[in-house]
There are 2 protein chains.
Amino acid sequence: MDLSANEANQQENANAMVKVRTIKDIAELAGVSTGTVSRALAGSELISKKTRAKIQALADEHGFRPNVLARNLRIQKTGAIGVLIPLGHEKGQHISDPFFITMLGLLADRLTEKGYDLLLSRVIPTDGSWLERFVDSGRVDGLIVIGQSDQVETLDKVAARYRPLVVWGGYTEGQVHCSVGSDNRKGGYIAAKHLIERGCNRLAFFGDPKALEIGQRLEGCRQAMAEAGLSEKLSVLPAHLVAEAAHPDIANYLGSVGERPQGIVAASDVIAMSALRALAEFGLAVPGDVHVIGYDGLAIGEQTVPRLSTVSQDLTQGAHHLVDMLLRRIAGEDTQSVVMEPELIVRMSS
Amino acid sequence: MDLSANEANQQENANAMVKVRTIKDIAELAGVSTGTVSRALAGSELISKKTRAKIQALADEHGFRPNVLARNLRIQKTGAIGVLIPLGHEKGQHISDPFFITMLGLLADRLTEKGYDLLLSRVIPTDGSWLERFVDSGRVDGLIVIGQSDQVETLDKVAARYRPLVVWGGYTEGQVHCSVGSDNRKGGYIAAKHLIERGCNRLAFFGDPKALEIGQRLEGCRQAMAEAGLSEKLSVLPAHLVAEAAHPDIANYLGSVGERPQGIVAASDVIAMSALRALAEFGLAVPGDVHVIGYDGLAIGEQTVPRLSTVSQDLTQGAHHLVDMLLRRIAGEDTQSVVMEPELIVRMSS
DNA sequence: TAGAAAAATGCAATCGATTGTATTAAGCGT
DNA sequence: ACGCTTAATACAATCGATTGCATTTTTCTA
C-alpha cells in the first residue's frame, strides 16, 4: 500500500467517521445545500436525477434518517394517532383488560396499515381537562377514545371544536361526538330472546347498568322479557367489569340467590367467563343447568369450556370504522356516528 | 349595563377570541417576551412572582398548552418510549395476540406511571433495517422490543451502538442486547417434572422449538424426562402460537396419535387453552384423562375450565424490569440482562 | 453564438419552543 | 441623589427539516 492509497484510505475512513445526523451533514458531504438534500430525499422532480441518486446513495451509505420531530414541526403533522382510554367509571381497571387490549391490538393493526403510529395513553379523568390537554399538545394528528366511561360531557365539549376525534361506545340521540359502536339495545334484546327461546323463564343480567352501553343492553333484555310476558323474572346483578372483581360478585350471588336463574345474560365476555367458572365451581352444568351468553365476541370466547355463546360486536370492523372515519375527519370530511348490527353467535354455552 | 361596561365586555371577548396557540400569543397578551413566558410557565425563579402568576393565569384562562413537538425538538427529548413487536417467525400473527397484548398493557401502565407515553409499532422485519429506522428517527427516547422473534442478530447489532434498548425474551450466553425474560429451561423443567410427579409417563410438548424461548423450554422438558428415565416418552408437536392455528394442529394430533399422552406441556397458555378445548371435544377429561400445563401465567388462565395450571413468568414484574432498566439506560447507567425465576402455578388442569 | 426558456440549485424564512447572554430596572448604602 | 450590586426581562441563536422565491446553470432556438 503506497502513500497515496493510504491517504485516500484515511480520507475515506474520515468520511465514514463523520457522524451523519442531520440533513446538513449530508449536504456538506455532497457539496450541495440542505434544501437540495431535502428535496432529493423526498424524490422531488425538481432535483436532477444524477444528484438525487448521489444524495440518496450517500444517505443510505451512512444510514441517515431524517429527524421526524423536526419534519413534523415544520409540516405540522405528526403521523401518530392518539388512543386514549379514560378509566373513569371503574377503579382499578387496567389497560390490561381483555376488551381494551383486543380493541387496541385491532386499532394498532389498522393504523399501522394506514401508515400511522399509535400513541397510547391511559388517563384517569380527574377533571375535565384530560382530553383538552391531549388535543392541544399537538402531539397527534387525531384521537381515538375507547369507551365513553362517564365522560360524555367532556367528549361532547371537545368534539364541538376539535374535529379529528372519534369514540368507541354507545350512541345516544343528540350526541355531539362521533361514535362507533354496536346497537346495544338490540344486542341485549337478541341475547335475552335467544335464552328465552332456549326455554329459560328466569334470567339474570350480570353487569352494572350505570355505564351507558351496559344500561342500553339491559334495556334490550327488559324488552325481550316483557314481550315474552316475563318482566318480573329478570334480576340484575351489577357485577364488576374486571374479571378478578367479577368472580366474587357472581359467586356470592349464586350462593345466596333463592330461585336460581335458568339463563344468564352477561354484559361482557369477561363477565361471562367469570360466570362460567363460578357455575363450574358450584357444580352446575352449562348449558344443562344454566344457559350463559356473553357480549363482545372476543376471541377468548372460542377457547372457553364450553365455548361461549355471545353477542358479537365485530370489533375488527369496529376498529376499521374508527380508523377510517378518523382519517376522513382529518381530511376535513364530516362523518356520522356508526351503529353496527350486533350478531348472535351461538356456540356451546346456551 | 352602561356603555363603558359594554366596551369592557367587548374588549374581554376580543381577548378571549384571539386564538392563543403559541407562546408568542401569550407573550403579546402579557406584554412580555416569549422567553419570559417560557420561563414563567416552567416556573423558573428567574421570573418575578408577579409576572409569573400573571402569565400562568393568562395561560390557563385561554387553555394554552405548549406545543410538545417544538419543545421536544429543542430539548432533544420526546417523552415517548417505542414498543416494537417484530412479527418475524410466524406469519399472520397479530398484535392482537393475548400475550403481546398483555405485555403491552402492563408496559403501558408502567410507562404511564413513569410519565412516558407509549408509541406502538408493529413491524414485519423484511430486511435488517426495521430497527435502525426506528432508532434513528429520533421519535422516541428509548425502545422496548417484545420478543426476539428470529431477529437476534439485528438486535445485537443495534444494541452495540444504541444504548436505550431493552428486549423481552430469552437470554443466551454472549448476547449483546439487554434482555428480560424468565429462565425458560428451568420453566420447561418445572412443568415436565410436575406432570411426571402427577404420574404421567408419556408427555407431549406442544410448541414450535424453532423460536428461541420455546426451544429452551423444550430442553428443560427433555432434561426432566431424562432424569426420570423417560427420555423416549416425550413427543413434540410443533403447534402454532396463534390460537386459531393451534387448534387444528392439536385436534389433528389427538385424532391420529397412537398412544395418547398422559400429560401435555404447552409452550404457551394460548396453546394450552386450545389443547383444553380440543381435549374436551374429544371427550377427554382434564386432568382425569390428560394433565395439561401451560406457560406464561396469563390472566385468562384463571378463567378457563378447568382453571389452567401454568408456569408463570410474572409478566407484571417483567414489565417493571423492562421499563425500569430502560430508564436507567436512558440515564446513562449500564444494566445486565435479567433472568427471572419461573414459578409453578398449580390450578385445576394438572 | 447571443439570448431566451427551462431546469437545477441556493438562500433564507419558518414551524414553536428553550436558553445563554446582554440589557434594563430596581434596590441599597452613603 | 449617585454609583453599584442584584433582580428581572429582552434578545437572538438554536433544534432539524421544509419550501417559496431568487439565482445560477444548462439547454435549446434562431
Side-chain angles (χ1 to χ4, degrees), chain A residues 18-56 58-60 62-80 133-141, chain B residues 18-56 58-60 62-80 133-141:
Chain A
V18 177
K19 50 197 180 314
V20 178
R21 305 179 352 86
T22 78
I23 215 172
K24 199 174 155 199
D25 298 333
I26 297 269
E28 279 165 13
L29 247 53
V32 298
S33 73
T34 63
T36 300
V37 173
S38 174
R39 290 193 172 90
L41 258 30
S44 162
E45 291 291 338
L46 283 174
I47 304 299
S48 76
K49 234 177 170 106
K50 200 175 63 185
T51 45
R52 226 189 306 161
K54 175 172 149 199
I55 289 174
Q56 273 164 354
L58 227 36
D60 53 49
H62 292 80
F64 168 77
R65 328 274 172 194
N67 180 300
V68 180
L69 248 52
R71 170 168 212 280
N72 288 343
L73 175 59
R74 180 62 231 246
I75 67 177
Q76 300 279 294
K77 296 207 165 220
T78 69
R133 198 175 313 143
F134 215 92
V135 161
D136 296 330
S137 74
R139 218 185 336 210
V140 294
D141 293 340
Chain B
V18 177
K19 50 199 181 314
V20 178
R21 305 176 354 85
T22 76
I23 216 172
K24 198 174 155 198
D25 298 333
I26 297 268
E28 279 165 13
L29 246 53
V32 299
S33 73
T34 63
T36 301
V37 173
S38 175
R39 289 197 171 88
L41 258 31
S44 162
E45 292 290 340
L46 284 174
I47 306 299
S48 77
K49 238 184 169 99
K50 201 174 59 182
T51 46
R52 228 190 303 164
K54 175 171 148 200
I55 289 173
Q56 273 166 353
L58 228 33
D60 54 47
H62 292 80
F64 168 77
R65 327 275 174 194
N67 181 301
V68 180
L69 249 50
R71 169 167 213 280
N72 288 343
L73 175 59
R74 181 59 231 248
I75 67 176
Q76 301 277 294
K77 297 209 163 215
T78 69
R133 199 175 313 142
F134 215 90
V135 161
D136 295 331
S137 74
R139 213 171 357 195
V140 294
D141 293 340

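Below, all heavy atoms of this structure are taken into account, side chains as well, without hydrogens, waters or symmetry copies. What you are looking at is a predicted structure, and each value in this text was computed from that prediction instead of being measured.
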Asks: Please determine whether a side-chain nitrogen or oxygen atom of B/Thr22 lies at a distance below 4.0 Å from atom OP1 or OP2 of C/dG16.
Replies: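 No, outside the criterion.
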Asks: Output the rounded distance in Å from NZ (B/Lys77) to C1' (D/dG16).
Replies: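 Going from B/Lys77 (NZ) to D/dG16 (C1'), I get 18 Å.
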Asks: Round to a whole Å and report the spacing from CG of B/Asp25 to C1' of C/dA17.
Replies: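 After rounding, the reported distance stands at 13 Å.
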Asks: By nearest heavy atom, map B/Ile47 and A/Leu69 onto DNA chain D; which one lands nearer the 5' end?
Replies: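 This one resolves to B/Ile47.
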Asks: Would you kindly give the CZ-to-P distance between A/Arg65 and D/dA17, to the nearest whole Å?
Replies: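 Atom-to-atom, A/Arg65 to D/dA17, this comes out as 13 Å.
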Asks: Within less than 4.0 Å of OP1 or OP2 of D/dT19, is there a side-chain N or O belonging to A/Arg74?
Replies: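 For A/Arg74, the contact criterion (side-chain N or O under 4.0 Å from OP1 or OP2 of D/dT19) is not met.
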Asks: Between the side chain of A/Asp25 and the main-chain N/O of A/Thr22, is any donor-acceptor distance below 3.5 Å?
Replies: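 Yes; judged by distance alone, with no hydrogens or angles, the pair exists.
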Asks: If you compare every side-chain N and O of B/Thr34 against the phosphate oxygens of C/dT18 (OP1, OP2), does one of them come in below 4.0 Å?
Replies: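 So the side-chain polar atoms of B/Thr34 never come under 4.0 Å of the phosphate oxygens OP1 or OP2 of C/dT18.
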Asks: Below the 4.0 Å mark, does C/dT18 have OP1 or OP2 next to a side-chain nitrogen or oxygen of B/Gln76?
Replies: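 B/Gln76 to C/dT18 OP1/OP2: no side-chain N or O under 4.0 Å.
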Asks: Rounded to the nearest angstrom, tell me the gap between atom NZ in B/Lys24 and atom C1' in D/dA10.
Replies: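 Computing the B/Lys24:NZ to D/dA10:C1' distance gives 15 Å.
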Asks: Kindly give the heavy-atom pair with the smallest separation between B/Gly79 and B/Asp141, and that separation in Å.
Replies: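 Heavy atoms only, the tightest pair is N-OD2, 2.8 Å.
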Asks: Are OP1 or OP2 of C/dT9 and a side-chain N or O of A/Thr51 less than 4.0 angstrom apart?
Replies: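 True: A/Thr51 side-chain N/O within range (under 4.0 Å) of C/dT9 OP1/OP2.
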Asks: For C/dT9 and A/Thr36 - does any side-chain N or O of the residue sit under 4.0 Å from the phosphate oxygens OP1/OP2?
Replies: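 It does not, given that no N or O in the side chain of A/Thr36 lies less than 4.0 Å from OP1 or OP2 of C/dT9.
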Asks: Looking at A/Arg39 and A/Ile47, what are the two nearest heavy atoms and their distance?
Replies: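 Smallest interatomic distance, heavy atoms only, reads CB-CG1, 3.6 Å.
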Asks: Within the modelled atom types, does a donor on one side and an acceptor on the other bring the side chain of B/Arg39 and the base of C/dG20 under 3.5 Å apart?
Replies: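 Under the 3.5 Å cut-off, the side chain and the base do form a donor-acceptor pair.
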Asks: Regarding B/Ile75, tell me which of base, sugar-phosphate or nothing describes its non-hydrogen contacts under 4.0 Å with the strands shown.
Replies: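 Sugar-phosphate contact only - B/Ile75 comes under 4.0 Å of backbone atoms but never of a base.
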Asks: In this structure, how many angstroms lie between the P atom of C/dG16 and the CD atom of B/Glu28, rounded?
Replies: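 Rounded to the whole Å, the gap is 13 Å.
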Asks: Of the listed nucleotides (D/dT9, D/dG16, C/dT19), which one gets closest to any side-chain atom of A/Leu73?
Replies: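 Closest nucleotide to the A/Leu73 side chain: D/dG16.
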Asks: Measure from CG on B/Leu41 to P on C/dT18 and round the result to the nearest Å.
Replies: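 After rounding, the reported distance stands at 8 Å.
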Asks: Round to a whole Å and report the spacing from NZ of A/Lys50 to P of D/dT25.
Replies: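 My rounded result for the distance is 14 Å.
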Asks: Quick one: closest heavy-atom pair of A/Leu69 and A/Asn67, and the distance?
Replies: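 The answer is N-OD1, 2.7 Å.
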Asks: Taking only the side-chain nitrogens and oxygens of A/Ser38, find out if one of them lies under 4.0 Å from OP1 or OP2 of D/dT19.
Replies: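 No, A/Ser38 has no side-chain N/O under 4.0 Å of OP1/OP2 on D/dT19.
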Asks: At what distance, to the nearest 0.5 angstrom, does OG1 of B/Thr36 lie from CG of B/Leu46?
Replies: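 Output value for this atom pair is 10.0 Å.
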Asks: Starting from P on D/dG20, measure out to CG on A/Leu46 and report it in whole angstrom.
Replies: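 Rounding to the nearest Å, CG of A/Leu46 and P of D/dG20 are 10 Å apart.
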